[in-house]
Amino acid sequence: MIKNNFSKNVLDVVKNIPKGSVLSYKEVAERAGNKKGARAVGAVLAKNYNKEIPCHRVIRSDGQLGGYNRGVGLKKKILKEEGYL
DNA sequence: CCCCTGACACTTA
DNA sequence: ATAAGTGCCAGGG
């Protein structure tokens with residue numbers, strides 16, 4: 001799956017997100033190398049099922065949760081547990 | 001290489 | 001504030 005490009009970068013950035021903090025897809029895209037790759041970030045995360053990746057800490061730039069591969073409800077619950085909500 | 005899909009962002013009405 | 005349209009990028013067939 002991962003080779004060594006934008007995808008890996010995205011996963012690395014998301015993995016590095018500290019507990020209680022959240023980054024928007026746009027922010028992650030910028031850190032991953034593609035400032036306009038917000039959509040690509042979502043596509044990568046959607047295909048990535050790594051439990052090591054706190055993809056629940058990635059939300060939309062509008063402040064909305066966006067989506068989650070395990071269910072938006074779980075994402076919302078996790079964010080609440082971490083204190084973001 | 002072309003076409004379609006997707007956890008997005010931004011502008012205009 | 002909400003809706004619709006446009007632009008952006010990566011992955012898969």
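Naming: A, B, ... by sequence-line order, numbering from 1 per chain. Predicted, not measured: the structure shown is a model, and the values here were computed from it. Quick note: numbers below take in every heavy atom, side chains included, and nothing from hydrogens, waters or symmetry partners.
Listed in residue order, the members of residues 73-85 of chain A having a heavy atom less than 4.0 Å from DNA chain B come to none. Near-neighbour residues of DNA chain B inside residues 15-27 of chain A, defined by a heavy atom below 4.0 Å, number-ordered: A/Tyr25, A/Lys26. Residues of residues 59-68 of chain A that place a heavy atom closer than 4.0 Å to DNA chain B, in numerical order, are A/Arg60, A/Ser61, A/Asp62, A/Gly67.
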* For nucleotides 2-9 of chain C, just jot down a letter per nucleotide in 5' to 3' order: B, S or -, based on protein non-hydrogen atoms under 4.0 Å. => -----BBB
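Side-chain contact check for A/Leu74 versus A/His56: every heavy-atom pair is 4.5 Å or farther apart. Side-chain contact between A/Val10 and A/Val14: present, with at least one pair of heavy atoms (C-beta onward) separated by less than 4.5 Å. A 4.5 Å side-chain heavy-atom check between A/Leu23 and A/Arg31 finds at least one atom pair inside the cut-off.
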Identify all side-chain donor-acceptor contacts of residues 59-69 of chain A below 3.5 Å with residues at least two apart in sequence or on another chain.
from	atom 1	to	atom 2	distance (Å)
A/Arg60	NH2	A/Asp62	OD2	3.4
A/Asn69	ND2	A/Asn48	O	3.2

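Residues that satisfy the salt bridge (charged side-chain N to carboxylate O under 4.0 Å, His left out) test with A/Lys26, not counting sequence neighbours, are A/Glu30. For A/Asn34, the side-chain contact (heavy atoms from CB on, under 4.5 Å) partners two or more places apart in sequence, or in a different chain, are A/Phe6. Partners of A/Arg39 under the salt bridge (charged side-chain N to carboxylate O under 4.0 Å, His left out) rule, at least two apart in sequence or in another chain, do not exist in this structure. Scanning for salt bridge (charged side-chain N to carboxylate O under 4.0 Å, His left out) contacts around A/Glu82 gives A/Arg57, with sequence neighbours left out.
Along DNA chain B, the stretch of nucleotides lying under 4.0 Å from any heavy atom of chain A spans, 5' to 3', B/dG6 to B/dC10.
Expressed to the nearest 0.5 Å, how far CD of A/Glu81 lies from NZ of A/Lys19 amounts to 9.0 Å. For the atom pair CG of A/Asp12 and OG of A/Ser7, the computed distance is 12.5 Å after rounding to the nearest 0.5 Å. The CD1 atom of A/Ile53 lies 10.5 Å from the CG atom of A/Asn16; values are rounded to the nearest 0.5 Å. Considering CG of A/Leu85 and CD1 of A/Ile78, their distance stands at 11.0 Å, rounded to 0.5 Å.
A distance-only check finds a donor-acceptor pair linking the side chain of A/Lys75 to the backbone of A/Val58 [under 3.5 Å].
Rounded to an integer number of Å, the gap from A/Asn48 CG to C/dA10 P is 17 Å.
Looking at heavy-atom distances under 4.0 Å, A/Lys35 makes no contact with the nucleic acid at all.
No path of Ile, Leu, Val, Met, Phe, Trp and Tyr side chains, each step under 4.5 Å between heavy atoms, connects A/Tyr49 with A/Leu11, placing them in separate hydrophobic clusters.
Among residues at least two apart or in separate chains, there is no salt bridge (Lys or Arg N to Asp or Glu O under 4.0 Å) pair with a member in residues 47-56 of chain A.
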